[in-house]
**Student:** 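For reference, the structure I am asking about is given below.
Residue numbering restarts at 1 for every chain, and letters A, B, ... go by the order of the sequence lines. Here the structure is a predicted model, which means the values were calculated and not measured.
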Amino acid sequence: MRYWTLLGILLTGFLAQTTVAGFLSIGGASPGILLALVASYGLLFGWDVGLVAGALAGLLMDAAFGRLVGLNVLTLGLAGLAVGALERRVFKDNLLLPLLAGFAATLATEGLTLLILLFFGQAASGAQIRQTLLAGALYNAIVTGLVYFRIYRSYHYLRPDPRGAILVVRRR
Amino acid sequence: MFPSPPPHSPRTTLRWLLVALVILVLLFTSMIMTSREREVVTGAENVLSTILYPFQSAAGWVANRLRNSVEGAQELFHLRAENARLRQEVDELVAFRAANEQLTNENARLREEMDLRRRFTVQLLPAEVIVRTPALWFHEVIINKGERDGVRSGMAVINTKGVLGTVRTVTYTTATVQLLTDRGFRLMIRDANTQEDADLKGQGPDGVVADFVFNRDARIAPGDALVTGLATTIPPGLFVGTIAEVGMRENNLTRFARVQPGVDFNHLDFVQVVLAHAEPAGAREGGKP
């Protein structure tokens with residue numbers, strides 16, 4: 001596995017998330033570029049990569065914007081772990097797969113975030129949950145689809161076959 | 001075929017569970033420690049903010065210019081009507097300025113006479129919004145001015161339409177501004193007409209609400225202007241918004257008002273930090289000890 005390339009993509013995603021994502025908000029929801037990357041890593045490379053990528057992305061987000069430091073590590077790490085657990089049970093070229101994963105991962109991470117915020121006494125109204133959660137989940141489903149298929153196209157580069165490349169030689 | 005990995009022994013599973021438990025405990029401890037209002041950021045936050053600053057600044061600059069260009073192009077179609085409206089506004093402002101100067105002088109004279117305990121030295125620091133916090137549940141923006149420019153936690157941030165929030169945390173190069181609409185936002189405000197004090201609270205997408213907790217019979221009405229009240233780091237009298245709707249809480253003890261903020265939170269690009277420094281009594285020239 002080309003871990004350094006995966007790390008580079010994640011850092012680029014973090015940079016995009018912290019700079020342009022906030023300006024691309026629709027209906028109060030910003031695109032979750034990092035969540036899309038973590039979900040894609042999980043689906044393509046398994047739960048271990050998803051978990052580490054999620055925790056690392058969460059750590060960076062907490063350091064950059066953390067109101068509750070540790071919240072993003074927990075939610076993004078769990079999202080990577082949960083989505084990655086499906087890796088061996090799904091067809092990776094299925095068009096619906098990243099859309100559903102992005103949608104479900106957003107609902108799960110934001111739902112967990114909401115529960116933790118409620119635990120810390122920061123309540124949210126029903127309108128906020130409906131608007132923010134659904135708009136965010138739909139937005140992230142599309143972003144995850146775009147990110148997933150871009151990474152999927154480089155799958156064999158990012159995860160070379162351990163048996164090595166097959167060299168086909170034509171006999172003359 | 002590759003051989004399948006050997007199954008984990010109960011001992012290994014237990015070890016992993018313990019590791020997961022320790023990590024969870026550490027994360028929750030960190031969240032508990034940072035859940036309270038804090039003015040000081042950690043070293044890691046400061047370093048990361050300094051690294052991100054040039055990227056955020058550049059992206060914010062491009063985004064703000066792009067949005068202004070699009071809006072400028074749209075406004076070209078309404079230029080004539082806009083011009084007429086602005087001329088009328090200028091005429092009104094000239095009259096308003098004269099009245100304002102008179103009131104300012106009168107206010108200064110009365111303050112001298114009453115020997116108010118605190119007076120604010122106000123200085124405005126222009127800043128640019130470089131990031132909108134991407135978290136769904138928090139309403140915050142990051143500006144390109146920080147500790148090195150004299151920004152401190154709790155200071156008010158305004159634009160031409162009124163107060164938009166207060167500084168929550170400050171790093172060396174940037175500051176995070178908690179907007180009026182954020183659920184954790186609190187500010188003491190005052191009805192400019194009746195001088196009734198209220199507690200302003202952010203409500204997320206539901207807007208902003210002011211609770212008139214000190215007087216259940218508060219004489220407030222839709223259309224009343226609301227300004228900042230008594231606070232330690234914010235000068236009083238800054239315009240916040242107007243009352244849109246008035247009601248009574250279910251406990252029948254508190255009147256509340258839905259507030260229409262003066263600021264349009266979808267168009268935040270250039271703002272000003274109110275660098276207000278409270279002066280103690282007797283510090284000013286001619287003040288009584």
**Student:** Could you tell me which portion of B:Leu24 (side chain, backbone, both or neither) has an atom closer than 4.5 angstrom to a non-hydrogen atom of chain A?
**Tutor:**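 Side chain only.
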
**Student:** Treating A:Thr144 as the side-chain partner and A:Pro98 as the backbone partner, does any N or O pair qualify as donor plus acceptor under 3.5 Å?
**Tutor:**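 Looks like no, no N/O pair under 3.5 Å.
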
**Student:** Does any backbone or side-chain atom of B:Asp182 lie under 4.5 Å from a heavy atom of chain A? Answer side chain, backbone, both or neither.
**Tutor:** side chain

**Student:** Is it the backbone or the side chain of B:Ile32 that comes under 4.5 Å from a heavy atom of chain A, or both, or neither?
**Tutor:**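 Contact with chain A is through both the backbone and side chain of B:Ile32.
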
**Student:** Need one label for A:Leu71: side chain, backbone, both or neither, based on atoms under 4.5 Å from any heavy atom in chain B.
**Tutor:**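 Backbone plus side chain of A:Leu71, per the 4.5 Å heavy-atom cut-off to chain B.
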
**Student:** Where on A:Ile116 is there a heavy atom nearer than 4.5 Å to chain B: the side chain, the backbone, both, or neither?
**Tutor:** side chain

**Student:** Please name the pair of heavy atoms, one in B:Leu164 and one in B:Val271, separated by the smallest distance, quoted to 0.1 Å.
**Tutor:**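 Taking every non-hydrogen atom into account, CD2-CG1, 3.5 Å.
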
**Student:** Between B:Gln260 and B:Thr242 (side chain of the first, backbone of the second, donor and acceptor by atom type, cut-off under 3.5 Å), is there such a pair?
**Tutor:** no

**Student:** Between CG of A:Leu107 and CG of A:Leu134, what distance do you get to the nearest 0.5 Å?
**Tutor:**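 If I round to the nearest 0.5 Å, the distance is 7.0 Å.
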
**Student:** Using a 3.5 Å cut-off and no angle test, enumerate the donor-acceptor pairs between side-chain atoms of residues 40-51 of chain A and protein atoms at least two apart in sequence or in another chain.
**Tutor:**
unit_1  : atom_1 : unit_2  : atom_2 : d
A:Ser40 : OG     : A:Ala36 : O      : 2.7
A:Tyr41 : OH     : A:Leu6  : O      : 2.6

